[in-house]
Structures are given as C-alpha cells and as structure tokens.
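Structure first, commentary second.
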Amino acid sequence: MSLLVTRQVGKRFGGLKAVDGVDFVLEEGEIHALIGPNGAGKTTFVSLLCGRLELTKGDIYFNGEEITNMPAWQRVRKGIAYTFQITSIYPNLTVFQNVAIAAQHSKEMSLSVEKQAHNALQKVGLDELQEQEAGALAYGHQRVLEVAMGVALAPELLILDEPTQGLSDIEIEQFCQMIREVNRDTTVLLIEHNMQVVMSLAERISVLDQGRLIAQGTPAEIQANAKVQAAYLGTVEGENAT
Amino acid sequence: MDFGPFLFLATLEGLVQAAVLCLTALGLSLVFGVMRVVNVAHGEFYMLGAVLAYWVTSWLAGSPAIGFALALLIAPLLVGVIAYLSEKLVLRRLGYDPEATIVATIGILYILQQSALLTFGPDARPVEPPFYFRVEFPWFGYSGYKLIVVAAAAVLLALAWFVITRTRLGLIMRATQFDRQTAQNYGIDVNRVYALVFAAGAAFAAIAAVLIVPIQQAHYLMGGDPLLLAFIVVIIGGLGSVRGTLLAALLIGLSDGILSVFFSPTLAKMVSTTLVALVLVFKPEGLFGHRSRL
Amino acid sequence: MSNGLKSAVLHTAVVVGFLLLQYVLPEYHLLSVTRIMLLAVFAMGFNLLFGYTGLLSLGHAMFFSAGMYGAGLSVYHLGWSVPTAFIFGILCGALLGFLIGLIALRTTGVAFMIVTLMFAKVTYLVIVYFTQYTRGDEGLVMPAESRSFDLFGMHFSLTDSVTRYNLALGLLALTMFIVFLLVRGRFGRSLIAIRENESRTKMLGYNTFFIKLKALTVSAALSALSGSAYALMFAYIGSSFANIQYSIDPLLYSLLGGAGTILGPVFGTFTMFYLIDIASEYTSAYLLVTGIVLVILVLYFPRGVFGAIRQNFCRWLP
C-alpha cells in the first residue's frame, strides 16, 4: 500500500513556483531518496508534506487519509516525523531531555517516556552521551541527535533533510548503517546531495528539477534516465571528477 | 457655542496634541527603527525635559522669554547626555537583546522617575509661557502660544526629515538600520550611531515636553501618558517609517484631542488602547514586520 | 536520595520554616510575611509563564486584579460568602487569562510584551471608568460581615493576624505543590521545550499554541488566587493594584530569585519586599530600589539567585 500520495501539489512564493504540480507516491517500508539540483524545491516540497509550509494547490494523503490542511503538529501525531536541514535541537538541555521531549509523543504508547527515549538513544548510538548538554556536542553528534529525536517519535515516516551534510566519511558510513537499522520499522524519505549515500541506501529515487518531478524509479533506472542526466547527474559527476 | 466653532476649537486642541505627539513618537520610532529595541523609558525622558525646563525658567524668573529659549536648548541637551550614558552603560552591554532591553529600560524608567521625585518633589509645578497673546477668532479667542507650539513642532519635524533623508548623517543612520553588519563592514561605527540615535530620540521627547510644559505643568509622573500614546502611534504608523509615524501621530493626536472634548478621556483611552493592541496582534507588519511569524 | 525526593524534602522544609516563623515574628512582621506569602503566590504564577514557558508578560496585574475585583466586588455588592467569592475571583482570573491568551498568544517576544502591557492598561482603565461600582483609586473597604467565615466546621476570623498568616501559608504551600507537579511532569517538559525552541517543539507533535494557552490560563488563575486572597484578607480593593507597578513586581521577584525555579520567586518576593520596606523608611522615592535592582539583575545576574545555585551546585532543583 502507498504510505503517502500527493496529487498536483504546488507552492508559490509570489511569482516563483517553487513546487509545481508534483504527483508523488511513497511506498510503505522503502528508503526513498529525493534528489535534484540546488533550488529544485526539495526542501520546500518536504516542508509541504510535514506541514511547515502551507501549499497553494493540490492534495496530500497519508495512509489513505487526506492531510492537506492539517497543522504540522497533528501530522507528527499521525506519524510523519521531520528532521531539520539546519540542526534544530534544544542546546541548553541534556541529550536525554532532548529525546524525551520527542518520546512524549511517540506513536509507541506501551512504554514509558524514559524507556522510549533510552531506546531511541541506543538505536542511534548516543546512549553514552545522554547526560551531556546538547549544545556542547560535536557537530556530527548533533546531527545524530536530530535523527534520534525523529526516531524517538516512532514514526511511520521519517523525513530527513540533508542528514549527511557536514559529516566525515566515517560518520557517513555509520549514518547509513543507522538508517538501515531505522528502516526496519520506518519508511524513510531523505533529501540527499551525496550520490554515494543515495545509491547505497535508496530503493527508489525521485528527481525534482525547477519544482517539477522529472523522474521516479530505481537507482539503475534513474542513472540511465536521459532527462535526469541532463538536468542533474551530469553536473554532479562533473563536480566529482574535479 | 454652536457645533461648528466647537468642533473648530476641538480641532485646534487636537492639533496641539498631535504636534507634541509627533515629536515624542518620532524619537521612539527612530530608536526602534535603527536599533530594533523598544525604549520603555522614553516617557521619562519626556518628563525630564519638562522638569529641567522648570528649573531653567525658575532660575531666570525675571525674563520668561529668555528662560524659555534657554530651556529649549539646555533640556534636550542634558536629556540627550543622560540617554547617551544609559545607552553606553546598560543597553550596549546587553547586546541590544530585545527582551532584556525592555526589562532594563523599565529599570531605567524607575530610576529616572524616582530621581525626579527625590529632587523635584511630588508637586506639579507650572512653567510660565514665554509670551502671552491671544488670537481672536470670530467665535472665541485662542492662546497664541499654543499655535506657536504647532508651528515650532512643524519646523522641527521638517528639520528632522531633512536630516534623515538628505544628509550624510541620515544616510549613515538608514544604512545601519538596513543592515547592521554591512554598515560595519563599510566602516560605519555602529556603536556610535546607536548611542547618538538613542540620545537624539530622547532629546526629541525632551523638546516636546519643553514645548508643552507651559500648557500642562511639570510633574514627576507625567511620562506615562506620552509613552502610551507614542507606542500607539508607532504601532499604527509602522516602524522606521518617518512618514507613517507622522501621519499616525497626526491622526491619533487629532482624534484623541477631539474625542477628549466630546467623551470621557478614560473611555477614549480604553477604546484606543484596545484597538491598538488588536492591530499589533492581527496586523503586526507595521511594528514587527521583520519577525517571521510561526 | 532520588532527585524528586530531594526536592520534595527541600520544599517541605521551606513550608515548615514559614510555619515555625510565626512563633518568633513580632506583630508587624507577621503582617509583612503574610503579604509576602500571598505576593509569592502571584510571583510563582507569573513565573510559570515567564520562567518555564519563556513568555514574558508585562501585564500580569490584570490577572491579579481580576481576582481581587472578582472576589471583592462580589462580597461588597452581592454579599457573597468569603469562600464563594474567593473561588469566583480565581475563576475570573482564569477566564481573563484564557481570553487574553486567545488573542495575545498569536504574538511572540517583544510584541507579546507590549500587547499584554496594553491589555493590562485597558483593565486598569476599566476599573477607573466604572468608578460608581469600584470607587476607582479610592477603592472599597470590605464590609464587616465578610471578615469571618465558616468552612469544614471551623470558624475563621480574618481580623486575626495569626489566622491570616496560616491561611496565606496554606495557599503558598498549595501553590508550591501545584507548580511542583506541573513542572516536573509531561506538561512541564512541554513548557520547557517551548521555551527552548518553539518551532522544533511544534515539529515534534506539540500543539504549542494550546499548551501556551493552558500555561497562561493556569498562570492567570494563580495570580488571581493571590489577588482574591489579598482582597479578602486585607479587606480592601483599589485600582492601584491594577497599575503597571503590579505587573513589574512579579517580574522583579522572579528575576531576583531565579526565573524557572520554584523557590526563586518566593525568595525574590521576600527579599524585595523587605528591601522596599526598609527603603521606604528613608525616602518616598523607594521605588528607586526597584529600578536599580532591575538594571543590575539584567546586566549581571540574569539567572537570579536560585538559577545560579542550580547552575553551579545542584542541577536537580526544579
């Protein structure tokens, strides 16, 4: 069954069509990557999905229920978790408190908040740092904490906005491992620039260009797609070569 | 008196109010516009202007005109110095954090007000007008001094307008307002601009008070109402916008003056304060347009 | 000892301390400390919003006076009994808090401060405007028959200073207990989350508007409880309790004692009350102290006394 479906979703900022009539389908259980050149509208698009921005046209369905006009906090309760591109944590609180705040609205109701927070920290490997002040963590750990907060919600869908940005190669590897772990009971949608991450993680890929969805398919299909190469992949390979 | 002349009288009263309010509100708006902080102590700078005017004129009791002219010079200057110091000693150390600044200026409000109580005392004291003459209209005579107040305010406002829009100083101010960081990169001493703007804002309030004090008397608690009215003007008019501030001051001053003649001033204040609070909630672009709303 | 137990012991000790204090205090100070305990309730109510939720209201006098006038007017004009009027006063404050919250909570930061300041000004003007019922600045003295009441088979005389002291202490202990429960549980966690990072909190499934509305309503109810008790115990209501001074005081108490701590506002109220009391013996310009303390706190001690203690010694302080 499709977990999330959008129909002709669009967002306008004044005269600019940041997202332009996107029909998008996310299958339950997959890791789905959203790629596209800078300014393609990726962050805007996922912001529409999680309710941070109001759309100007189209509808969104989650688990068959229309959520087009639902406020963001309610979508989170329905099971859509979002992690920010620019880390947004509670710098003055401890790592544990950070995750506990998220765990309080976990979809998993049977365990105590403390237990859930603990589980989430364990899953991402931050349990040893739990009494540290979050603002004092290294940048890489802050990114992981951001994901831990998403995981603590025990969501059905976890949206990650450029999670590997600024991480070292080793950290990226650990991160991919963690996402596979999370993916066992959560559908993952991630915006990602790093093609290695995309190719190793994603089961399916969607490509946005100038606010339009220009392709959707398996990594092999996307790599072979001429339109995508023209719009996007070619330039990235060019960059990698230098 | 017939309705027509009565309305005319009310309008004149409103015009005097508006003139003084323009000057006071311009000071507040200037500070918010450039520094992005709300100065709750603004009303006390107004009060200090009036109290200083009393002292200067009573010191030169023999010649009200000279005394008044001197007060018009000394009071704003001294008030400006006090404001300059409080900016340097308090606001700058807070890094102009908006909320901390409000709390700090509340503290400054008490310090100034209570210092005035200590030295000036609890009584209201009159200041003699620099001259007496009446302008005779067909229906009634009217204080010539009040008309002079309106004219003086108009001249001062024109001057301020000229400085802000036509001079290098104004350009520096507007650049700092537009983007603090960039201004600094272009070699503008932002700290100095802030201190001067804060002092100038306070001086405007002091000038307004000196002009009005022959009509209203000086008192250590007189800062409250002008502060509230200036807030109202600044919220309605939109910040940083000199034109908006002046238009709103004219509107509020006139309607306040006119309404106070016909209705109870308490009721008028009640209604206008509620309306302005609602404007701030539902149409915040004017005052806090730069804030992204969540 | 667990952290929860530690803080329970500490707060009980404070209440017991106040309980014992009445046996050593002379009459004049007995009255002062009674006032202090009621004002501390006000400060704790304010602090729930300011210290824990991060919303700085400059208009809490309106909630204090809603309690005061709700209780006072119903006793004076309608002849209600003291307990009924007391509860009614609290409800008035809670309702006002809820309604003001619906409007004012659409703003944040500086705009919220100014909007609350203005609504408090309007409340003050309303009291002055309806002077035929309230006698405005001059105020009303509660009738003699409202100076005592029976409750749970006991007789309370409000003219007796020891009775008043213990009633005030009961309210202080009750408020401490309520705030303690609120800030330690799930609700407290969501308040702190909003204070620290509201937009993130929203994206973790919190209806932040509703939570803030709840916090404001409870905060207003506690402030009204204080005002209501103040009116009934000291038998007087007047518009001076609605002016800006009474909005600034709880801010000052919270800042001094430590915003976002339970004992901070109590300590702050105690200290400021006596500072002002001493200053007023020497000068009529005693509010100068308020101004100086505010500036010093903002500049050098933004965490206040108990905030600093928590920061440096015992992190478990709620």
Side-chain angles (χ1 to χ4, degrees), chain B residues 32 36-38 40-41 44 86 89-90 93-94 97-119 121-122 220 224 228 231-232 234-235 264-282 284 287-288 291-294, chain C residues 54 56 58-59 100 102-131 136 198-199 201-202 208-209 243-245 247-248 251-252 255 279 283-300 302:
Chain B
F32 190 98
R36 293 282 159 203
V37 295
V38 176
V40 185
E44 305 314 305
S86 39
L89 296 176
V90 182
R93 289 170 193 232
L94 294 173
D97 172 78
E99 300 198 15
T101 300
I102 290 197
V103 178
T105 52
I106 292 172
I108 294 173
L109 178 158
Y110 280 118
I111 293 175
L112 296 179
Q113 180 196 81
Q114 299 291 310
S115 304
L117 173 61
L118 270 178
T119 49
Y220 82 103
L228 183 72
F231 264 161
I232 290 178
V234 157
I235 290 166
S264 121
T266 311
L267 184 64
K269 255 197 255 176
M270 238 158 73
V271 173
S272 60
T273 310
T274 311
L275 288 178
V276 168
L278 293 179
V279 167
L280 189 50
V281 173
F282 294 103
L287 183 44
F288 303 104
R291 277 174 176 272
S292 60
R293 298 191 64 201
L294 294 166
Chain C
L56 176 42
L58 290 180
I100 294 289
L102 281 181
I103 301 169
L105 287 172
R106 290 162 193 276
T107 64
T108 53
V110 171
F112 181 77
M113 295 163 84
I114 297 193
V115 169
T116 47
L117 182 79
M118 291 197 145
F119 280 126
K121 178 86 186 175
V122 174
T123 309
Y124 173 80
L125 291 169
V126 168
I127 292 169
V128 173
Y129 185 72
F130 290 102
T131 194
E198 182 169 352
S199 58
T201 307
K202 222 178 259 185
T208 55
F209 181 83
N243 73 21
I244 173 93
Q245 179 70 43
S247 292
I248 304 302
L251 167 65
L252 181 64
L255 275 177
T283 168
S284 57
Y286 53 86
L287 288 176
L288 195 57
V289 179
T290 300
I292 293 169
V293 172
L294 265 180
V295 172
I296 292 177
L297 282 174
V298 173
L299 277 180
Y300 303 108

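A note on names: the letters A, B, ... follow the listed sequences, proteins ahead of strands, and every chain is numbered from 1. Values below: all heavy atoms of this structure, side chains included; hydrogens, waters and symmetry mates excluded.
Contacts between C:V289 and chain B at a heavy-atom distance below 4.5 Å are absent for every atom of the residue. Heavy-atom distances place no part of C:L297 under 4.5 Å from chain B, backbone and side chain included. Within the 4.5 angstrom heavy-atom criterion, only backbone atoms of C:Y286 (N, CA, C, O) approach chain B. For chain B, the nearby parts of C:Y129 are the backbone and the side chain; heavy atoms of each come within less than 4.5 Å. Using a 4.5 Å cut-off between heavy atoms, B:T101 does not touch chain C at all. Neither the backbone nor the side chain of C:T208 comes within contact range of chain B; no heavy atoms are under 4.5 Å apart. Only the side chain of C:L251 has a heavy atom closer than 4.5 Å to any heavy atom of chain B. With a 4.5 angstrom heavy-atom cutoff, B:L89 touches chain C only via backbone atoms.
Contact tally against chain B (heavy-atom pairs below 4.5 Å) for C:V115, C:L294, C:L125: the top residue is C:L125. Chain B forms more heavy-atom pairs under 4.5 Å with one residue of C:V122, C:L255, C:L117 than with any other, namely C:V122. Across C:T283, C:I248, C:V128, C:T290, the residue that shares the most heavy-atom pairs under 4.5 angstrom with chain B is C:I248.
Here the closest heavy-atom approach between residue C:F119 and residue B:T274 is recorded as CE2-CG2, 4.5 Å. In this structure, C:S284 and B:L117 approach most closely via the heavy-atom pair O-CD2, 3.6 Å. Shortest non-hydrogen contact noted between C:T107 and C:F112 is OG1-CA, 3.2 Å. Taking both residues in full, the closest heavy atoms of B:A100 and B:L94 are given as O-CD1, 3.8 Å, listed atom of the first, atom of the second, then distance. Nearest heavy atoms, C:S247 versus C:L58: CB-O, 3.2 Å.
The distance from atom CZ of B:F231 to atom OG1 of B:T273, rounded to the nearest 0.5 Å, is 12.0 Å. Note that the CD1 atom of B:I232 and the CG atom of B:L280 stand 11.0 Å from one another [nearest 0.5 Å].
Judged purely by distance below 3.5 Å, without hydrogens or angles, the side chains of B:E44 and B:Y220 never pair a donor atom with an acceptor atom.
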